[in-house]
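Quick note: numbers below take in every heavy atom, side chains included, and nothing from hydrogens, waters or symmetry partners. Computed from a predicted structure; not experimentally measured. Nothing fancy with the numbering, it's 1 onward along the sequence.
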Amino acid sequence: MRIDVLTLFPEAFETILNISIVQRARQKGLLQVVLTNIRDFALDNYRSIDDKPYGGGPGMVMMCQPIFDCLQHVEAVDPLKGRRILLTPQGQPFTQSLAGELAQDERLILISGRYEGFDERIRIALKPLELSIGDYVLSGGEIPAMVIIDAVTRLLPGALGDETSVEQESFTAGLLEYPQYTRPEVFRGLRVPEVLLSGHHANIRDWRLQQARQRTAQRRPDLLVEPSNSKQEKQSDSQHDRKS
Ligand code: ADE
């Protein structure tokens, strides 16, 4: 996969690209990340990339021209078609299932900007997929872009050292992680649950699934609502509404 990042701060990505799974995926040739500085496409002597909003108000707005020119350059250097993604708190929530979808793509083009916002014509003309990593406002799209790179890279075939990790996770897919333990068996009087020491694989699997379900029900009951059920519920709700 090729991931292009259009950013004002390419240097911010150095750490994430050079550690752990992302670094290994790059070394194995599974992932190529190309950083392009939007400011290199500014036209004036001040290298401006933003300006005051029409109509007044606080903050600065990212201008169309540097982003359009930067994107045109990035798309021209490689004929591989990429999915355009704009990082913004106004976007669709980024989820694990979306990470899985993006991991199927051959190329992603991430556009990171300032949080104050983009000239609306960037949305209108470039028609990017707009993604938010959560309901909070960050100073820019760099950290969200790194989140997406990390979450997607883990899902590229061959990226995880232990290939079973993804499979292991899949039997509890959509649930929170079950409790994990490692040596020693007793630490400060706290014992590892007996079932994990039993060597009985079926029992261990059952225990983990039950723990994952219980933990999810307690901490994130919203994750337990099946999308198909919720659709049915909505339909029956609206039928109910119509009748009443
Ligand atoms: N830019 C600023 N805040 C953001 C967020 N929460 N998600 C994506 N992009 C952002």
Side-chain angles (χ1 to χ4, degrees), residues 1-18 22 25-26 29-94 98-99 101-133 137-153 156:
M1 167 179 278
R2 172 174 172 144
I3 302 182
D4 287 276
V5 188
L6 282 58
T7 171
L8 295 169
F9 303 106
E11 65 280 9
F13 290 82
E14 292 306 325
T15 310
I16 186 75
L17 295 181
N18 292 314
V22 174
R26 291 173 62 226
L30 303 172
L31 173 71
Q32 181 191 13
V33 179
V34 181
L35 305 165
T36 306
N37 195 332
I38 298 169
R39 204 176 284 282
D40 291 345
F41 295 83
L43 295 177
D44 64 3
N45 290 338
Y46 301 102
R47 308 222 304 149
S48 308
I49 47 81
D50 56 8
D51 208 336
K52 290 175 288 193
Y54 277 120
M60 300 286 273
V61 175
M62 290 201 63
M63 299 190 296
C64 291
Q65 175 272 318
I67 291 189
F68 275 60
D69 288 354
C70 184
L71 184 66
Q72 191 176 28
H73 164 81
V74 164
E75 291 186 337
V77 292
D78 189 328
L80 200 61
K81 200 159 163 45
R83 194 192 301 231
R84 297 172 178 170
I85 298 174
L86 186 74
L87 288 319
T88 162
Q90 302 174 30
Q92 170 186 338
F94 179 63
L98 200 47
E101 215 179 284
L102 298 183
Q104 317 278 323
D105 281 15
E106 283 184 293
R107 186 180 187 192
L108 304 176
I109 303 177
L110 308 180
I111 306 170
S112 304
R114 297 222 163 135
Y115 89 91
E116 282 103 334
F118 298 91
D119 186 307
E120 190 63 16
R121 291 164 292 189
I122 292 169
R123 295 190 162 90
I124 296 169
L126 302 180
K127 299 187 175 58
L129 172 64
E130 297 184 39
L131 293 183
S132 163
I133 62 155
V137 179
L138 300 165
S139 321
E142 281 70 28
I143 292 170
M146 290 181 216
V147 167
I148 290 172
I149 293 171
D150 192 284
V152 168
T153 301
L156 298 178

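For the pair Met146/Ile133, no side-chain contact is recorded, criterion being any heavy-atom separation below 4.5 Å from C-beta on. You'll find the side chain of Asp78 stays beyond 4.5 Å of the side chain of Val34, heavy atoms only. Considering only heavy atoms from C-beta on, Gln32 stays 4.5 Å or farther from Arg26 through its side chain.
Residues Ser132 and Gly91 come closest through the heavy atom pair CB-O, 3.6 Å. Of all heavy-atom pairs spanning Phe13 and Phe9, the tightest one is CD1-O, 3.6 Å. Nearest heavy atoms, Arg47 versus Arg39: O-NH1, 2.8 Å. Residue Leu156 comes nearest to Ala103 through the heavy atom pair CD2-O, 3.7 Å, listed as atom of the first residue, atom of the second, then distance. Ser48 and Ala42 get closest at one heavy-atom pair: O-CB, 3.3 Å. Of all the heavy atoms in Ser112 and Leu87, the pair that sits closest is OG-CD2, 4.1 Å.
Taken from CZ in Phe118 to CG in Leu86, the straight-line distance is 4.0 Å, to the nearest 0.5 Å. Here the CE atom belonging to Met60 is positioned 7.5 Å from the CZ atom belonging to Arg114, to the nearest 0.5 angstrom. Residue Ile49 holds its CD1 atom at 10.0 Å from CG of Asp44, rounded to the nearest 0.5 Å. Rounded to the nearest 0.5 angstrom, Leu31 CG and Ile3 CD1 are separated by 5.0 Å. Here CD1 of Ile148 is found 11.0 Å from OG1 of Thr153. Values are rounded to the nearest 0.5 Å. Note that CD1 of Ile38 is 9.5 Å distant from CG of Leu71, once rounded to the nearest 0.5 Å.
Here the options are Asp51, Leu8, Asp119, the test is side chain to side chain contact (heavy atoms under 4.5 Å, CB included), and the partner is Met62; only Leu8 passes. No option in Arg84, Lys81, Arg2, Arg107 other than Arg84 meets the salt bridge (charged side-chain N to carboxylate O under 4.0 Å, His left out) test with Glu75.
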Evaluate side-chain contact (heavy atoms from CB on, under 4.5 Å) for Leu102 paired with Leu131, printing each intermediate quantity in order.
CA-CA 12 Å; Leu102 298 183; Leu131 293 183; 4.2 Å; yes

Between Met1 and Glu106, does a side-chain contact (heavy atoms from CB on, under 4.5 Å) hold up when you go through it step by step?
CA-CA 5 Å; Met1 167 179 278; Glu106 283 184 293; over 6 Å; no

For the pair Glu142 and Thr7, evaluate side chain to side chain donor-acceptor pair (under 3.5 Å) and give the outcome as yes or no after the intermediate values.
CA-CA 7 Å; Glu142 281 70 28; Thr7 171; 2.7 Å; yes

Are Ile149 and Leu110 close enough, and set up right, to give a side-chain contact (heavy atoms from CB on, under 4.5 Å), and what steps lead you there?
CA-CA 9 Å; Ile149 293 171; Leu110 308 180; 4.0 Å; yes

Should Ile122 and Ile111 be marked as a side-chain contact (heavy atoms from CB on, under 4.5 Å) after you check the CA-CA gap, both sets of side-chain angles, and the distance that decides it?
CA-CA 11 Å; Ile122 292 169; Ile111 306 170; 5.7 Å; no

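For Phe94, there are no ring pair (Phe, Tyr, Trp, His ring centres under 6.0 Å) partners, not counting sequence neighbours.
Few gaps surround CZ on Arg83; more than 12 heavy atoms of other groups in view lie less than 6.0 Å from it. At most 12 non-hydrogen atoms from other residues, nucleotides or ligands lie less than 6.0 angstrom from CD of Gln72.
Counting only residues at least two apart or on different chains, the ring-ring contact (aromatic ring centres under 6.0 Å, His included) pairs with a member in residues 59-78 are Phe41-His73.
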